Amino acid sequence: MRRGWKMALSGGLRCCRRVLSWVPVLVIVLVVLWSYYAYVFELCLVIYLIFYHAIFVFFTWTYWKSIFTLPQQPNQKFHLSYTDKERYENEERPEVQKQMLVDMAKKLPVYTRTGSGAVRFCDRCNLIKPDRCHHCSVCAMCVLKMDHHCPWVNNCIGFSNYKFFLQFLAYSVLYCLYIATTVFSYFIKYWRGELPSVRSKFHVLFLLFVACMFFVSLVILFGYHCWLVSRNKTTLEAFCTPVFTSGPEKNGFNLGFIKNIQQVFGDKKKFWLIPIGSSPGDGHSFPMRSMNESQNPLLANEEPWEDNEDDNQDYPEGSSSLAVETET
């Protein structure tokens, strides 16, 4: 009886947690809907409405894709078979378990390791982690090329939706900037007392304040992610240097500026601004710097980072005010 009560309580708490995780998304949606109403129906800036709606469509489209594009998980070949899982769990000697994972990893395109040099293994999902894959404690699963878990989209940002997330940030910055610049002239009229309507005064002041506030936050976050893309890093890799079979290397996936951008947006520039999937590969393996050094020996001149912490540690929460890392 007591056990059943505890299970019911645990299930209720999980349900509440899932519901509450949508609160940040609801806040953003309400703010956006209000901004649309205030701009289109209250201020009715006819001259600007065409450009406003074009930006608004791409902004909402990319936000939708960031929220509802499911994180991609490793395919079945990275999961331990029933026999291997049984052997691994029954083995009590850590050194033997470590060797078992090494033997299994030889059949897979896995080149990164933990800080101690062991094969990266998720004991929750019972799989050998592909390169750049991490376990998200919020989503309770391993996510390919995980960047971070973002509460503002209530989703894990990784290989399947990182492009959409970047586009969402870009169009958010553009949306806020456009509103702020076009409403500013009405703010001047308010300051001079040329706006007779009390309701218009409220919308002008609040639109300008909200647009500027979000613009400052978003431009910092967007700039940070632009820097990550230019170095072909994820947020987690910026916090903790990836370790390869040859040792730690902070530039292990850095292929050069243009190729780094193509790793996220693809090689067809006509798709870069449109929220459709165009990232190359399947998310399980990625071209590495070491594979390109023979073609460009100058790549070998940069120094790697000196050390790295173990892959199974808890990452610090928050790469910014709008993003939270929850990888374990």
Side-chain angles (χ1 to χ4, degrees), residues 16-70 149-157 161-226 272-276 320-324:
C16 290
R17 182 180 178 183
R18 284 196 296 268
V19 172
L20 290 175
S21 66
W22 285 100
V23 171
V25 176
L26 180 62
V27 170
I28 296 297
V29 170
L30 291 176
V31 170
V32 171
L33 289 177
W34 167 80
S35 69
Y36 184 86
Y37 166 78
Y39 195 93
V40 176
F41 294 99
E42 287 296 331
L43 299 182
C44 195
L45 308 178
V46 179
I47 301 176
Y48 306 122
L49 287 183
I50 296 177
F51 293 104
Y52 172 83
H53 279 95
I55 298 171
F56 182 81
V57 167
F58 278 95
F59 166 72
T60 53
W61 187 5
T62 54
Y63 190 45
W64 176 275
K65 295 283 283 186
S66 299
I67 294 173
F68 294 106
T69 301
L70 296 177
H149 186 93
C150 180
W152 298 102
V153 300
N154 191 31
N155 201 4
C156 207
I157 305 302
N161 60 357
Y162 187 56
K163 174 189 173 182
F164 307 143
F165 179 72
L166 284 173
Q167 291 174 325
F168 162 62
L169 293 180
Y171 287 117
S172 297
V173 169
L174 186 59
Y175 182 73
C176 293
L177 181 63
Y178 188 80
I179 288 179
T181 52
T182 54
V183 169
F184 187 73
S185 60
Y186 284 78
F187 174 77
I188 298 299
K189 290 182 179 180
Y190 161 77
W191 193 262
R192 294 174 177 174
E194 298 176 9
L195 284 180
S197 173
V198 176
R199 190 168 63 179
S200 295
K201 291 179 180 180
F202 166 76
H203 288 297
V204 165
L205 285 175
F206 207 60
L207 263 177
L208 186 63
F209 171 76
V210 172
C212 291
M213 180 184 68
F214 275 96
F215 174 78
V216 172
S217 301
L218 288 166
V219 79
I220 294 172
L221 182 59
F222 179 59
Y224 174 70
H225 278 279
C226 286
W272 283 13
L273 299 179
I274 304 174
I276 59 174
S320 71
S321 61
L322 300 180
V324 180

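Values below: every heavy atom of this structure, side chains too, minus hydrogens, waters and symmetry copies. Everything quoted here is computed from the prediction, not taken from an experiment.
Few gaps surround CZ on Phe68; more than 12 heavy atoms of other groups in view lie less than 6.0 Å from it. Counting non-hydrogen atoms of neighbouring residues, nucleotides and ligands closer than 6.0 angstrom, the OH atom of Tyr52 exceeds 12 such neighbours. When the shell of 6.0 Å around CH2 of Trp64 is examined, it contains 12 or fewer heavy atoms from other residues, nucleotides or ligands.
To the nearest 0.5 angstrom, Leu174 atom CG is 12.5 Å from Leu169 atom CG. Of the inter-residue distances, the one linking Phe165 atom CZ with Asn155 atom CG reads 10.5 Å to the nearest 0.5 angstrom. Taken to the nearest 0.5 Å, the CZ atom of Phe168 stands 14.0 Å off from the OH atom of Tyr162. Taken to the nearest 0.5 Å, the CG atom of Leu208 stands 9.0 Å off from the CD1 atom of Ile188. Separation of atoms CD1 (Ile157) and NE2 (His149) is listed at 8.5 Å; rounding is to 0.5 Å. Thr60 OG1 to Lys65 NZ: the interatomic distance, rounded to the nearest 0.5 Å, is 12.5 Å.
Among all heavy-atom pairs drawn from Val219 and Val216, the shortest one is CG1-O, 3.3 Å. Contact record, Pro24 with Pro151: CB-O, 3.3 Å, taken as the closest heavy-atom pair. Residues Gln167 and Thr62 approach most closely at CB-CG2, 3.6 Å, considering heavy atoms. When every heavy atom of Val31 is checked against every heavy atom of Phe214, the shortest pair comes out as CG1-CE1, 4.4 Å.
Looking only at distances, no side-chain donor or acceptor of Lys163 sits under 3.5 Å from a matching main-chain atom of Pro275.
Counting heavy atoms from C-beta outward, Leu205 and Phe187 have side chains that approach closer than 4.5 Å. Within the 4.5 Å cutoff, the side chain of Val204 has no heavy atoms near those of the Phe184 side chain. Proximity of His53 to Phe58: side-chain heavy atoms (C-beta onward) are nowhere separated by under 4.5 Å. For the pair Phe215/Ile179, no side-chain contact is recorded, criterion being any heavy-atom separation below 4.5 Å from C-beta on. Considering only heavy atoms from C-beta on, Asn154 stays 4.5 Å or farther from Ile67 through its side chain.
Remark: the Tyr63 side chain and the Ser172 side chain contain no N/O donor-acceptor pair separated by less than 3.5 Å. Using a 3.5 Å distance cut-off with no hydrogens or angles, the side chains of Ser66 and Asn161 do not pair a donor with an acceptor. Checked by atom type, the side-chain pair Tyr175/Ser35 shows a donor-acceptor distance below 3.5 Å. Side-chain contact, His203 with Tyr37: no donor N or O sits under 3.5 Å from an acceptor N or O.
Using cut-offs of 30° and 60° on the angle between ring planes, the pair Phe56 and Phe59 is tilted.
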- [ ] Take Trp61 and Tyr171 through the ring-ring contact (aromatic ring centres under 6.0 Å, His included) test and state the conclusion after the steps.
- [x] CA-CA 10 Å; Trp61 187 5; Tyr171 287 117; 9.1 Å; no
- [ ] Could you give me the CA-CA distance, side-chain angles and deciding distance for Trp34 and Leu207, then say whether side-chain contact (heavy atoms from CB on, under 4.5 Å) is met?
- [x] CA-CA 9 Å; Trp34 167 80; Leu207 263 177; 3.8 Å; yes
